[in-house]
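Worksheet: one structure, shown below.
Naming: A, B, ... by sequence-line order, numbering from 1 per chain.
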Protein chains: 2
Amino acid sequence: MASVTPAEQPPLGLRERKKIKTRKAIRAATYALIEQQGYDATTIEQIADRAEVSPSTVFRYFPTKEDIVITDEWDPVILAELRARPDDESWADVLRHVMRTALDLSLAEEPEVTRLRSRLGVEVPAVRARMMESMAATGRLLREALAERSGLAPDSLELRVFAMSVMGGLMEVSHYWAETGHRDDVRELVDRALDVLEHGLATGKP
Amino acid sequence: MASVTPAEQPPLGLRERKKIKTRKAIRAATYALIEQQGYDATTIEQIADRAEVSPSTVFRYFPTKEDIVITDEWDPVILAELRARPDDESWADVLRHVMRTALDLSLAEEPEVTRLRSRLGVEVPAVRARMMESMAATGRLLREALAERSGLAPDSLELRVFAMSVMGGLMEVSHYWAETGHRDDVRELVDRALDVLEHGLATGKP
DNA sequence: CCATGATTCGACAGTAACTCTCAATCACCA
DNA sequence: TGGTGATTGAGAGTTACTGTCGAATCATGG
């Protein structure tokens, strides 16, 4: 695999490099503090101290406290992956593939963070809220892709409902994963979820 | 119809009556202020003033500002309706019926509020977040009902995913309704959404 | 190598949502 | 009517977040 990393190759100036470093420092500080104190008990001031920046800088990098936790850099990757799938593949298979890629990357790069994040998604309402926002955003991406694939208008009620229902289902997978401490089989969970989304509920009664 | 109103019949004491009045006053004040100033510009203090209570009282009645906007009293009604449907009805029909009842009630009782609420759902992130929370809660109700109906465990991944995906789809209907100023045909929108959720996307290609 | 212009940073002040506490008031019941 | 427990109001405190303003830092052209 030829460099499957989040971002860019352009020769990045010193300024940019510093920015990335601060960004990372803030996120690392946040994760560490949350691990040992919990989310609410962790204040922006503490984060700033630990990351060796001023509180104002923290806000310059992340609009809200929740964003420090949930922001990641996979969206462009996902989008690319989404567009790269063959035209005749069913949406479920496309999603299966895309989700698998995203999960693999995320789990490989920073496994504890991935877990912590999904745990916070169940435990802290504010974080959950922010996650749903970003889920809705991804839903909009998804419906663009599905529009091309299905020939439906991207803003038709049908497509919108469909995309959001898929995202809702996938979000539930994350919660389920966090609640029932399953280990590495998130991907299996995703597969099962996509089966449900594709074929509907397999009820006991016919 | 014999009194299809949110709540109770027991002879309510003066204390209870006052509580209900204050609650209503706070909500009314909030809606009025938001109509004329917008959500963010409206502070709790203003709401308290207008409702002729103290700010602390406002917080006593509603945990957050968003709750003042989105709280309603239909959940018990919905739940009852959900359980009352015949056993052999398909989940889609059950939902169709329940949603229709809820919408009819809500639109009949306070049409402007219903519209405003769904508008705020698109415009104000915090409100949207709170709506999704309550949507998730309703999703849990839904999956209880679906569990009885389908024979699946209420906390099985499959059922959870299914319920949340349905709720996601329905939430999108509300957003769609708010964005495209459709008039009275929310119910038609719901019908179309449920068709999608039941049968999947009707794509252009076979 | 230095001046210039653009960013970025830290410090500070301000707002508003929420929390807690305590004393005063009020509805209910004997 | 007097006691009692619930409800309220006032106030002070915490914290996330916003805006502004010089100072410091850095990329760039001469």
A:Arg128 side chain vs A:Val122 backbone, donor-acceptor pair below 3.5 Å: yes
Interatomic distance where NZ belongs to A:Lys65 and P belongs to D:dT18 [whole Å]: 14 Å
Nearest-angstrom distance from the residue atom CD1 of B:Ile44 to P of D:dA10: 16 Å
Rounded distance (Å) that lies between atom P of D:dT18 and atom CG of A:Asp67: 10 Å
Residues A:Asp195 and A:Arg96 bridged, charged N to O under 4.0 Å: yes
For atom CZ of B:Phe59 and atom P of D:dT14, their distance in whole Å: 17 Å
Between D:dT7 (C1') and B:Leu14 (CG): distance, integer Å: 12 Å
Sidechain-backbone polar pair: B:Ser174 side chain, B:Ser118 backbone, donor-acceptor under 3.5 Å: no
Distance, rounded to the nearest Å, where B:Arg60 contributes CZ and D:dG9 contributes P: 8 Å
Distance under 6.0 Å and angle within 45° of ring axis: B:Arg85 vs B:Trp91: no
B:Lys18 vs B:Thr64, nearer the 5' end of DNA chain C by closest nucleotide: B:Thr64
Residue met sooner reading DNA chain C from 5', once B:Asp40 and A:Val53 are mapped to nucleotides: A:Val53
Heavy-atom contact window of chain A on DNA chain C, given 5' to 3' at under 4.0 Å: C:dA6 to C:dA11
Whole angstrom value for the distance that separates P of D:dT7 from NZ of B:Lys21: 17 Å
Exceeds 12 heavy-atom contacts within 6.0 angstrom, atom CD of A:Gln37: yes
Comparing B:Ser54 and B:Arg15 on DNA chain D - which has the more 5′ nearest nucleotide: B:Arg15
Sugar-phosphate only, base, or nothing, as touched by A:Ser56 at under 4.0 Å among non-hydrogen atoms: base
Sugar-phosphate only, base, or nothing, as touched by B:Phe62 at under 4.0 Å among non-hydrogen atoms: nothing
Residues B:Glu144 and B:Arg140 bridged, charged N to O under 4.0 Å: no
Which nucleotide in D:dG9, D:dC26, D:dT8 has an atom nearest any side-chain atom of B:Thr22: D:dT8
For atom CD1 of B:Ile26 and atom C1' of D:dT8, their distance in whole Å: 11 Å
Pairing of B:Asp191 and B:Arg100 as salt bridge, 4.0 angstrom limit: yes
